Amino acid sequence: DFEYRYGYRFDKYNLIATRAFLGVAFPFVNLNVIPFEKRYYTGGANGIRGWQVRTLGPGSYTEGKTDPNQSADIKIEGNIEYRFKLFWKLESAIFLDAGNIWAINTNDNRAGAVFDFNRFYDEIAVGSGLGLRLVTNYFILRADVGVKLRDPSSPSGERWIPGNRSFNYSDLNLNIAIGYPF
């Protein structure tokens, strides 16, 4: 895993926080797959917030997503967030998240799930949104509303939602969490 975080504070009320993550997991010689608890996933309160946790990916895979448990061997993710104080103990944020997960094993039977250097950039998901934070001396209670902007499971050429179709309720995701996302 490689993770890089950087925050630039304009003043005590305004901050831009960024994060980049790259992870690759290889199975040991005697295994064909990574153990489930070591596999990567994305979406949810600390990932790409336009998707529910474990519902994004891998790659452009679309079939059989009734079980929200998508995981894989490679994860690429980037986040940028502008955090600002509103009043009292309330803060807000505007964010943009991008990334996805992919499988390494070419025997993976999920169509579009295997990482391919020639097409992975076309399978990057993009989400954006707004957040509200209650900052106390003991914890930070956070609510983020994320919206899908680019869905890699849509047909090629129609992956950007703005300009291809109108937004619907399923494109929104509410995340409630404790602490900052990164």
Side-chain angles (χ1 to χ4, degrees), residues 1-11 13-27 34-61 68-85 91-105 108 112-133 135 140 142-154 159-162 171 173-182:
D1 292 348
F2 172 77
E3 185 173 22
Y4 179 76
R5 298 176 184 199
Y6 180 75
Y8 179 78
R9 184 169 295 281
F10 296 101
D11 54 36
Y13 301 115
N14 296 283
L15 166 80
I16 289 184
T18 61
R19 173 182 168 260
F21 181 90
L22 171 65
V24 179
F26 290 101
I34 304 296
F36 178 77
E37 64 275 2
K38 299 293 183 186
R39 294 175 62 93
Y40 294 109
Y41 63 90
T42 191
N46 297 318
I48 301 175
R49 291 166 270 187
W51 280 261
Q52 293 180 11
V53 69
R54 295 184 183 265
T55 60
L56 175 60
S60 58
Y61 175 66
N69 202 11
Q70 303 304 321
S71 60
D73 312 315
I74 299 173
K75 179 177 179 177
I76 300 173
E77 193 171 285
N79 315 81
I80 185 166
E81 186 171 272
Y82 172 56
R83 300 173 184 163
F84 53 97
K85 185 167 179 81
E91 294 180 358
S92 188
I94 300 170
F95 58 85
L96 182 70
D97 306 323
N100 205 339
I101 57 172
W102 292 270
I104 291 177
N105 190 341
D108 193 309
V114 178
F115 182 85
D116 183 351
F117 192 76
N118 294 322
R119 74 163 201 269
F120 85 94
Y121 55 86
D122 193 37
E123 298 174 338
I124 298 290
V126 179
S128 185
L130 300 168
L132 188 65
R133 289 91 160 94
V135 180
I140 299 167
R142 172 170 56 97
D144 291 330
V145 175
V147 63
K148 298 174 184 175
L149 296 179
R150 187 172 195 282
D151 188 354
S153 65
S154 295
R159 293 185 172 160
W160 284 102
I161 294 171
D171 293 326
N173 186 40
L174 174 64
N175 298 288
I176 298 175
I178 295 176
Y180 289 116
F182 52 92

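Computed from a predicted model, the values in this text were never measured in an experiment.
With values rounded to the nearest 0.5 angstrom, D151 atom CG is found 11.5 Å from W160 atom CH2. How far CZ of F21 is from CG of N46: 12.0 Å, rounded to the nearest 0.5 Å. Separation of atoms CZ (R5) and OH (Y180) is listed at 13.0 Å; rounding is to 0.5 Å. To the nearest 0.5 Å, the span separating CG on N79 from CD1 on I48 amounts to 7.5 Å. The structure places CG of N100 at 9.5 Å from CD of E77, a figure rounded to the nearest 0.5 Å. The NZ atom of K148 sits 8.5 Å away from the OG atom of S154 when rounded to the nearest 0.5 Å.
When the side chain to side chain donor-acceptor pair (under 3.5 Å) test is applied to Y13, no partner is found at least two apart in sequence or on another chain. Legend: residues meeting ring-ring contact (aromatic ring centres under 6.0 Å, His included) with Y8, ordered by chain and number and at least two apart, are F10.
In this structure, the side chains of I80 and L96 come closer than 4.5 Å at one or more pairs of heavy atoms. Looking only at side-chain heavy atoms (C-beta outward), Y41 and T55 stay at 4.5 Å or farther from each other. Between I176 and R142, the closest side-chain pair of non-hydrogen atoms is not below 4.5 Å. Contact of the I94 side chain with the F84 side chain is registered, since non-hydrogen atoms from C-beta on lie closer than 4.5 Å. Considering only heavy atoms from C-beta on, F26 comes within 4.5 Å of I104 through its side chain. Side-chain contact between W102 and I76: present, with at least one pair of heavy atoms (C-beta onward) separated by less than 4.5 Å. For the pair D122 and R150, the minimum side-chain heavy-atom distance is below 4.5 Å. Using a 4.5 Å cut-off on side-chain heavy atoms (C-beta onward), P152 and L56 make contact.
G112 and R119 get closest at one heavy-atom pair: O-NH2, 3.4 Å. Nearest heavy atoms, N105 versus V114: O-CG2, 3.5 Å. The minimum heavy-atom distance between A103 and D108, with the atom names listed, is CB-OD2, 3.3 Å. Of all heavy-atom pairs between P181 and R83, the closest is CD-NH2, 4.0 Å. In terms of heavy atoms, G99 sits closest to I124 at N-CG2, 3.6 Å. Listed here is the closest heavy atom pair of R54 and S71: NH1-CB, 4.3 Å.
Under a 3.5 Å cut-off, the side chain of S128 and the backbone N or O of F95 do form a donor-acceptor pair. A distance-only check finds no donor-acceptor pair linking the side chain of S92 to the backbone of L132 [under 3.5 Å].
A salt bridge links R133 and E81; the closest N-O separation between the charged side-chain nitrogens and carboxylate oxygens is under 4.0 Å. Electrostatic pairing of R159 and E123 does not count as a salt bridge here, judged by no charged N lying under 4.0 Å from a carboxylate O.
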**OP:** Any chance you could lay out the side-chain contact (heavy atoms from CB on, under 4.5 Å) test for Y40 and I34, step after step, and finish with the verdict?
**Re:** CA-CA 10 Å; Y40 294 109; I34 304 296; over 6 Å; no
Original post:
Could you walk me through whether T18 and F182 pass the side-chain contact (heavy atoms from CB on, under 4.5 Å) check?
Top reply: CA-CA 8 Å; T18 61; F182 52 92; 5.5 Å; no
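Pairs engaging residues 94-105 under the salt bridge (charged side-chain N to carboxylate O under 4.0 Å, His left out) rule: R49-D97 [sequence neighbours left out].
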